[in-house]
Structure formats: C-alpha cells, structure tokens
Amino acid sequence: MNKAIIKFSSVTYALKAKDVITDNGGKAQIRKNPNPKKGEGCGYSLIAVGNISRIISLLDTNKIKYTGYEMVR
C-alpha cells in the first residue's frame with residue numbers, strides 16, 4: 001500500500017474526493033493544512049492510502065480538482 005497527501009483548494013473538493021476514494025476501496029482522511037501556501041485556497045488535503053495512481057485516476061475521471069500531491073512514507 002502506498003500513502004500520499006493530496007491537496008485541494010477547498011473543503012468541498014476534499015469531501016468529494018474522500019467519498020470517491022472510499023467508495024472504490026481506498027482509505028482517506030481529511031485534514032486542514034495549518035499554513036496553506038499562496039494558491040492553495042482554504043488549504044485542505046487528504047491523506048490517501050491505497051493504489052495512488054488509481055486514486056489520482058479516479059479523481060481525474062470524476063473531475064475532482066486537486067492542486068497537487070506528494071508521496072509519503
């Protein structure tokens with residue numbers, strides 16, 4: 001299993017993403033970024049666990065906008 005932090009510009013996108021991920025067998029937890037950088041909007045992210053390439057593909061297919069992601073250990 002892989003783990004990634006996926007960043008969103010709003011809590012609405014983060015909530016939609018969590019639903020899509022969990023509905024498709026992945027795990028995700030929403031968190032607020034304490035100090036969002038310029039351009040990150042409200043600064044919400046998901047900690048996603050599972051096949052990250054598949055998760056990113058699901059977000060793209062469902063037109064859920066994310067500002068970026070990074071793999072974590």
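It should be emphasised that the depicted structure is a prediction, and the values quoted were computed from it without experimental measurement. Just so it is clear, the values below take in all heavy atoms, side chains as well, and ignore hydrogens, waters and symmetry mates.
- Considering every non-hydrogen atom in both Lys3 and Arg73, the closest pair reads CD-O, 4.0 Å.
- With sequence neighbours excluded, the residues that form a side-chain contact (heavy atoms from CB on, under 4.5 Å) with Ala14 are Phe8, Ile30, Tyr44.
- There is a path of hydrophobic side-chain contacts, each under 4.5 Å, that joins Val11 to Ile21.
- With sequence neighbours left out, the side chain to side chain donor-acceptor pair (under 3.5 Å) criterion links Asn2 to no other residue.
- The side chain to side chain donor-acceptor pair (under 3.5 Å) analysis of residues 11-28, with sequence neighbours excluded, yields no pairs.
- Considering CD1 of Ile52 and OG of Ser57, their distance stands at 12.5 Å, rounded to 0.5 Å.
- With Ile55 as reference, Ile6 is the one residue of Ile6, Val20, Leu46 to meet the side chain to side chain contact (heavy atoms under 4.5 Å, CB included) rule.
- Put simply, OG on Ser45 and NZ on Lys7 are 7.5 Å apart, with the number rounded to the nearest 0.5 Å.
- Side-chain N or O atoms of Asn62 include none that pairs as donor or acceptor with a backbone N or O of Ile64 at under 3.5 Å.
- Proximity of Leu59 to Lys65: side-chain heavy atoms (C-beta onward) are nowhere separated by under 4.5 Å.
- For the pair Tyr66/Ile56, a side-chain contact is recorded, criterion being any heavy-atom separation below 4.5 Å from C-beta on.
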